[in-house]
Amino acid sequence: MKKLILTTSALTFMGGAAFAGMNVTGEASVAYGNWGTAPGTAAAFSFNTKLTIAMEEMAGGLTYGAKVSIDADAGTVSDGVIYVSGGFGKVSFGIDQFDELKANDFPAATDAVNGVTKTSKYGDVKYEGTFGAVKMTLVADAGLGDTPRTPSGVAATEAVWDLGLKYDGGSWSLGVDADSTNAYKVSASVTAGNFTFGAAVDQASSVDLSVKTAFSGINAKLTADDVTGSPVYGLALDGKAGNVKWAVSGDSGGRTKASVDYSMDALSVGLAYDNKDAGTAGLKDRGDEADLQLTVGYKVSDNLKFKVKANDVSEYEVSMTAGFTF
């Protein structure tokens with residue numbers, strides 16, 4: 001009944017979609033298969049419908065707005081953000097809406113918040129400000145919704161605030177990120193000619209180095225992670241030729257990735273290889289625990305798309321997604 005009442009209220013808002021400052025969009029999808037499940041799981045249908053209402057106005061030199069969504073598949077009746085911005089920057093508020101809080105040195109095994117995997121959205125307040133060459137972002141958990149150290153919340157090792165600062169000097173930049181777990185990272189980059197050099201150090205005195213360049217339409221990046229401990233060296237290359245995009249990378253830790261994507265008009269075909277999760281069935285990368293993945297897409301328009309996915313551990317999915325603008 002609660003969902004019905006709130007859904008009806010949202011549809012009532014749609015009657016004012018023509019008013020200035022309001023935008024209403026919707027998306028519906030249907031899929032059949034066993035993608036994202038344990039290998040060997042029987043195929044089944046899944047459905048999702050999402051309605052999003054965004055509003056924005058100006059008054060007294062300030063811009064203010066709000067965004068609310070209703071997601072039937074996720075069981076989320078509504079989640080929303082309200083914000084106000086001006087010369088001081090932008091302040092946003094929304095219960096469990098911002099994900100910058102994950103502690104830098106505590107990557108949780110399942111990345112779960114209240115039983116929902118692949119998310120760390122438990123920030124309630126966010127501030128963003130740009131002052132000349134300095135950009136600042138501050139996200140905090142205000143004790144609403146899911147919080148660290150609660151039975152239904154997130155791990156006690158997660159942060160309750162995160163502060164990021166970046167100075168852009170044109171050909172060079174300096175960044176600092178710190179949070180309430182005493183984790184921090186200082187990073188810097190310098191561009192000289194066709195090369196960009198980067199370095200970062202964190203609270204564990206782990207130093208990461210990188211150099212990027214481009215030649216003959218190919219982007220290249222060489223990395224050295226944790227050079228003060230157990231270094232892992234990596235090389236990544238990517239490029240585009242006509243309708244084909246490709247990428248390949250590998251590191252001294254044994255990880256290898258490669259992909260090739262072809263697109264022409266409405267048709268797209270992609271083949272990807274990644275040996276990181278091969279042979280595992282962890283919840284974090286359901287659908288990605290295979291070595292090989294094939295994706296075929298057909299785009300009738302920006303609002304109507306079809307997709308087929310399959311991998312080499314017998315997972316597959318056929319889906320259709322339709323978008324609507326009111």
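Excluded from the calculations below are hydrogen atoms, water molecules and symmetry mates; all remaining heavy atoms, backbone and side chain alike, are included.
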Q. Does the Asn275 side chain pair with the main chain of Thr256, one donor and one acceptor, at a distance under 3.5 Å?
A. yes
Q: With side-chain contact (heavy atoms from CB on, under 4.5 Å) as the test, would you mind laying out the steps for Ser92 and Lys90 before giving the verdict?
A: CA-CA 7 Å; Ser92 304; Lys90 180 179 180 181; 3.7 Å; yes
Cut-off 3.5 Å, no hydrogens considered: what does the side-chain donor-acceptor table look like for residues 188-201, sequence neighbours left out?
unit_1 : atom_1 : unit_2 : atom_2 : d
Ser189 : OG     : Ser173 : OG     : 2.7
Thr191 : OG1    : Thr196 : OG1    : 3.2
Asn194 : ND2    : Thr213 : OG1    : 3.2
Asn194 : ND2    : Ala214 : O      : 2.5

Q) Do Thr228 side-chain atoms and Ser205 backbone N/O form a donor-acceptor pair below 3.5 Å? A) yes
Q | Student check: side-chain heavy atoms of Trp35 and Ser319 closer than 4.5 Å | A | no
(Q) Hydrophobic clustering (ILVMFWY, side-chain heavy atoms < 4.5 Å, transitive) - are Trp246 and Leu271 grouped together? (A) no
Q) For the atom pair NZ (Lys185) and CG (Asp177), what is the distance rounded to the nearest 0.5 Å? A) 8.5 Å
**Q.** Residue pair Val125 / Ala142: nearest heavy atoms and the distance that separates them
**A.** CG2-CB, 4.3 Å
Q) Does Lys299 pair with Asp265 as a salt bridge, N-O distance under 4.0 Å? A) no
Q.
Determine whether a donor-acceptor pair (N or O, by modelled atom type, separation under 3.5 Å) exists between the side chain of Asp96 and the backbone of Gly145.
A. no
Q) What closest approach, in Å, do Phe131 and Gly87 show between heavy atoms, and which atom pair accounts for it? A) CE2-O, 4.2 Å
Q.
side-chain contact (heavy atoms from CB on, under 4.5 Å), that's the test. Do Thr295 and Lys307 meet it? Break it down for me.
A. CA-CA 7 Å; Thr295 304; Lys307 183 180 290 186; 3.9 Å; yes
Q: To the nearest 0.5 angstrom, please state how far the NZ atom of Lys50 sits from the OG1 atom of Thr321.
A: 12.5 Å
**Q.** Lys/Arg-Asp/Glu bridge criterion (N-O < 4.0 Å) met for Glu317, Lys309
**A.** yes
**Q.** Interatomic spacing from OG in Ser180 to CG in Leu101 - rounded to 0.5 Å
**A.** 7.5 Å
Q) So do the side chains of Phe326 and Ile53 get within less than 4.5 Å of each other, counting heavy atoms only? A) no
(Q) With a 4.5 Å cut-off on side-chain heavy atoms, are Val207 and Asp226 touching? (A) no
Q. Does the side-chain contact (heavy atoms from CB on, under 4.5 Å) test come out yes or no for Val186 and Leu174, once each step is laid out?
A. CA-CA 8 Å; Val186 179; Leu174 178 66; 4.3 Å; yes
Q. Is there a side-chain contact between Asp274 and Arg255 (heavy atoms, below 4.5 Å)?
A. yes
Q) Are the side chains of Asp71 and Asn48 in touch, meaning some heavy atoms are under 4.5 Å apart? A) yes
Q) Would you find more than 12 non-hydrogen atoms of other residues, nucleotides or ligands less than 6.0 Å from Asn219 atom CG? A) yes
Q | Side-chain heavy atoms of Ser29 within contact of Met320, under 4.5 Å | A | no
Q) Do you reckon Val68 sits in the same ILVMFWY cluster as Met22, going by side-chain contacts under 4.5 Å, direct or chained? A) yes
Q) Under 4.5 Å between side-chain heavy atoms, hopping through other hydrophobics if needed: is there a path connecting Val30 to Tyr316? A) yes
Q) Transitively linked via ILVMFWY side-chain contacts under 4.5 Å: Val91 with Trp161? A) yes
Q) How close do Met264 and Asn243 get, heavy atom to heavy atom, and via which atoms? A) CE-ND2, 2.9 Å
Q.
Does either side chain, that of Tyr83 or that of Glu56, offer a donor lying less than 3.5 Å from an acceptor on the other one?
A. yes
**Q.** N/O donor-acceptor pair under 3.5 Å between Ser301 side chain and Asn303 backbone
**A.** yes
Q) What are the two closest non-hydrogen atoms of Leu222 and Gly234, and how far apart are they? A) CD1-O, 3.2 Å
Q) So, do Val24 and Leu51 sit near enough that their side-chain heavy atoms are less than 4.5 Å apart? A) yes
Q) Do you know the tightest heavy-atom contact between Ala159 and Tyr122? A) O-OH, 2.7 Å
(Q) Quick test of your reading: applying side-chain hydrogen bond (donor to acceptor under 3.5 Å, both in side chains), list the pairs with at least one residue in residues 123-141, sequence neighbours left out, ordered by first then second residue. (A) Glu100-Lys126
Q | Pairwise side-chain contact, Tyr262 with Val260, heavy-atom cut-off 4.5 Å (strictly under) | A | no
Q. Atom CG in Asp146, atom CD in Glu158: separation rounded to 0.5 Å?
A. 12.0 Å
Q: Take Leu144 and Phe93 through the side-chain contact (heavy atoms from CB on, under 4.5 Å) test and state the conclusion after the steps.
A: CA-CA 11 Å; Leu144 305 171; Phe93 174 82; 3.6 Å; yes
Q. Going only through I, L, V, M, F, W and Y residues with side-chain contacts under 4.5 Å, is there a path from Leu163 to Val134?
A. no
Q. Looking at CG of Leu267 and OH of Tyr298, how far apart are the two atoms once the value is rounded to the nearest 0.5 Å?
A. 8.0 Å
Q: Compare every heavy atom of Glu57 with every heavy atom of Gly21, then report the nearest pair and how far apart it is.
A: CA-OE2, 4.0 Å
Q. OG1 of Thr223 to CG of Asp251: how many Å apart, nearest 0.5 Å?
A. 7.5 Å
